[in-house]
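The structure under discussion appears below in the form of structure tokens.
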Amino acid sequence: MGISLLDTGTDEFMFDVIFWDWRAIVEEIRRLDVLPSEVIDGLHQPFCGNGLTKEQCTVVADALEKRARCLSQEGRILLNGTRTTESDDFVFYKVRQEQNYSTNRAVIEKFIEYLRVSKGFRVC
């Protein structure tokens with residue numbers, strides 16, 4: 001189960017990420033406070049034409065890059081923004097579902113690379 005970002009300049013799938021990472025990435029973008037909330041809300045809705053423009057990609061990449069530097073190589077960002085060095089235990093939590101969502105520095109760095117070359121994207 002994953003999310004793909006379709007580059008609006010090439011109509012090719014250029015970035016694929018698992019759903020659990022994507023939710024944490026989108027909420028990290030929200031905490032950057034560089035885009036309107038309604039734009040960020042749309043990133044949670046695939047196949048609805050939602051995404052970012054080239055200009056928005058650049059703004060997010062710049063802000064996210066500063067945050068990624070503060071995250072250790074083995075660290076994770078949880079859905080609520082908490083940073084932890086505990087590795088993912090790959091347990092599915094039914095009661096505390098927010099524990100299912102996290103991302104790590106490697107995924108964030110790949111996403112930043114994508115944002116830098118993207119002409120904008122739609123969430124698929």
Going from [atom1] on [X] to [atom2] on [Y], what distance comes out if it is rounded to the nearest 0.5 angstrom?
X	Y	atom1	atom2	result
Ile40	Asn50	CD1	CG	12.0 Å
Gln56	Leu35	CD	CG	5.5 Å
Thr103	Ile25	OG1	CD1	4.0 Å
Ile112	Arg105	CD1	CZ	9.0 Å
Leu78	Arg23	CG	CZ	14.5 Å
Phe121	Asp11	CZ	CG	14.5 Å

Shortest non-hydrogen contact between [X] and [Y], atoms and distance:
X	Y	result
Leu6	Tyr114	C-OH, 4.2 Å
Val39	Gly51	CG1-O, 4.1 Å
Ala63	Val34	CB-CG1, 4.2 Å
Phe15	Val107	CZ-O, 4.3 Å
Ser118	Cys57	OG-SG, 4.0 Å
Val26	Leu43	CG2-CB, 3.8 Å

Under 4.0 Å between a Lys/Arg side-chain N and an Asp/Glu carboxylate O for [X] and [Y]?
X	Y	answer
Lys119	Glu12	no
Asp62	Arg116	yes
Arg76	Asp21	no

Please test Asp16 against Lys110 for salt bridge (Lys or Arg N to Asp or Glu O under 4.0 Å), starting from the C-alpha separation and ending with a verdict.
CA-CA 10 Å; Asp16 294 310; Lys110 286 179 186 172; over 6 Å; no
Under a 4.5 Å cut-off applied to non-hydrogen side-chain atoms, are Thr8 and Arg122 in contact?
yes
Can you confirm whether Arg30 sits close enough to Asp41 that some side-chain heavy atom of one is under 4.5 Å from a side-chain heavy atom of the other?
yes
Should the pair Tyr101 and Phe19 be assigned to parallel (<30°), tilted (30 to 60°) or perpendicular (>60°) ring geometry?
perpendicular
Anything under 30° is parallel, anything over 60° is perpendicular, the rest tilted; go ahead and classify Phe111 against Trp22.
perpendicular
Test side chain to side chain contact (heavy atoms under 4.5 Å, CB included) on Leu5 and Val123 and set out the steps.
CA-CA 5 Å; Leu5 303 183; Val123 182; 4.1 Å; yes
Does a sphere of radius 6.0 Å around CG in Asp33 hold more than 12 heavy atoms from other residues, nucleotides or ligands, not counting ones at 6.0 Å or beyond?
no
Sub-3.5 Å donor-acceptor pair from the side chain of Asp7 to the main-chain atoms of Met14, do we have one?
no
Check for me, please, whether Ile18 and Ile29 land in the same ILVMFWY cluster - side-chain distances under 4.5 Å, paths through other members count.
yes
